[in-house]
Amino acid sequence: MMLSVRDLRVSFRTEDGLVRAIDGVSFDLEEGEILGVVGESGSGKTVSLLAVMGLITDPNATIEGSIRYKGRELVGLPARELRHLRGNEIAMIFQDPMTALTPVYTIGWQIAEQIRAHQNISKAKALARVEELLAEVNFPNPREAMSRYPHQLSGGMRQRAVIAMALSCNPALLVADEPTTALDVTVQAGILDLVRKLRSTHNSAVVFITHDMGVVSELADRVMVMYAGRVVERGSRAALFSGPRHPYTRALLGSIPPLTGEKPHRLPAIPGSPPSLLRLPQGCAFGPRCPVRFEACEAEKPALGSGPHAAACLREAQA
């Protein structure tokens with residue numbers, strides 16, 4: 001097992017009270033597998049993977065549960081040992097490349113620095129590796145691009161540079177945090193191809209965080225749907241798309257424009273907004289927005305069922 005997360009809980013102390021951003025999340029990831037993590041903004045997708053990366057350093061944060069990478073427990077691991085893993089064996093593509101890159105250093109310098117931090121090689125060899133990486137992510141002129149600063153690149157090129165940095169040490173586990181957000185369709189397709197290539201070339205496992213169900217349908221082997229800090233459904237891509245079991249998953253899929261058939265006058269939308277994590281409903285968090293809720297949903301918090309395709313829904317449990 002590449003990655004095994006069990007009962008992960010992440011809480012933040014705030015002036016208004018305790019915010020439980022992640023509440024009992026569990027999942028597994030095998031070598032060479034792509035896991036799609038979907039949900040609305042604020043559902044806990046990014047926070048859960050930042051915890052896996054050991055990047056939650058807020059003194060007001062509390063992390064509980066177990067995160068095992070190749071059998072090694074990461075929760076409580078000393079910062080120095082975590083730094084050795086990050087960038088080397090576990091890498092992350094951040095959502096906003098402009099803030100992920102340092103504006104006062106060139107692209108080539110930053111990627112070379114990442115390589116030399118984890119590998120005992122000369123500066124010349126590191127720069128040669130940078131040129132290879134930029135060519136791999138389809139920069140038209142890699143050598144020239146190495147001398148450019150982030151503000152001199154387009155959004156798509158900056159994202160490719162961040163991907164090149166993440167791939168520089170051939171990580172066994174790659175976390176991609178909405179890497180295709182705000183990119184045009186052509187660039188998006190190229191980035192998805194790069195993720196597939198990483199899997200096929202290095203047998204790397206990938207966690208792909210997104211709110212785009214269309215991207216998940218093309219890329220993921222398995223899908224995990226999150227809502228209000230909890231997993232509400234998980235299963236294989238085929239099972240989840242052909243027979244979604246949670247009302248939230250069905251609502252997400254229903255908001256996708258159909259490719260065939262009659263064009264709808266208006267796409268269906270999920271009513272209301274995600275709940276505040278400070279004031280979650282007593283029962284099902286999705287209950288106030290659910291079209292099939294019943295009385296028990298207001299009092300009982302549904303547990304995620306067992307099996308390869310499971311949903312945290314009381315009505316599903318009764319079916």
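Sequence positions, counted from 1, serve as the residue numbers for this chain.
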_4.5 Å side-chain heavy-atom contact, Gln110 and Thr102_ = yes
*Enumerate the residue pairs fulfilling salt bridge (charged side-chain N to carboxylate O under 4.0 Å, His left out) with a member in residues 301-311, sequence neighbours excluded, ordered by first and then second residue.*
none
*Only counting residues at least two apart or in another chain, list the ones meeting side-chain hydrogen bond (donor to acceptor under 3.5 Å, both in side chains) with Arg116.*
none
*How about Glu31 and Glu33: do any of their side-chain heavy atoms sit closer than 4.5 Å?*
no
_Do Phe208 and Glu178 make a side-chain contact, defined as non-hydrogen atoms from C-beta onward lying under 4.5 Å apart?_
no
*Please write out which residues are connected to Leu267 in a hydrophobic cluster, directly or through intermediates, given that two of Ile, Leu, Val, Met, Phe, Trp, Tyr count as joined at side-chain heavy-atom separations below 4.5 angstrom.*
none
*Could you pull out all residues at least two apart from Asp221 that satisfy salt bridge (charged side-chain N to carboxylate O under 4.0 Å, His left out)?*
Arg199
*Can you name the residues that form a salt bridge (charged side-chain N to carboxylate O under 4.0 Å, His left out) with Arg160, not counting sequence neighbours?*
none
*For Lys197, enumerate each residue passing the salt bridge (charged side-chain N to carboxylate O under 4.0 Å, His left out) test, keeping only those at least two apart in sequence or located in another chain.*
none
*Nearest heavy-atom pair of Phe94 and Leu55: which atoms, and what distance?*
CZ-CD1, 3.9 Å
*Nearest heavy-atom pair of Ala91 and Ala166: which atoms, and what distance?*
CB-O, 3.3 Å
*Quick one: ring pair (Phe, Tyr, Trp, His ring centres under 6.0 Å) partners of Phe241, sequence neighbours excluded?*
none
*Under the salt bridge (charged side-chain N to carboxylate O under 4.0 Å, His left out) test, residues paired with Glu136 that sit two or more places apart*: none
*What residues form a side-chain hydrogen bond (donor to acceptor under 3.5 Å, both in side chains) with Ser4, not counting sequence neighbours?*
Asp28
*asked:* Please list all pairs meeting side chain to side chain donor-acceptor pair (under 3.5 Å) that have one or both residues in residues 272-289, counting only residues at least two apart or in different chains.
replied: Glu40-Arg289, Tyr227-Arg289
*Describe, in one word, how the ring planes of Tyr248 and His246 are oriented to each other, choosing from parallel (under 30°), tilted (30 to 60°) and perpendicular (over 60°).*
perpendicular
_Holding to side-chain hydrogen bond (donor to acceptor under 3.5 Å, both in side chains), I want the full list of residues that pass it with Thr46, two or more places apart in sequence or in another chain._
Asp177
*How about Arg315 and Arg293: do any of their side-chain heavy atoms sit closer than 4.5 Å?*
no
*asked:* For a 4.5 angstrom cut-off between non-hydrogen side-chain atoms, does His309 reach Glu233?
replied: yes
*Any chance you could pull the hydrophobic cluster mates of Met1, using side-chain heavy atoms under 4.5 angstrom and chaining through other members?*
none
*Does a sphere of radius 6.0 Å around CZ in Arg143 hold more than 12 heavy atoms from other residues, nucleotides or ligands, not counting ones at 6.0 Å or beyond?*
no
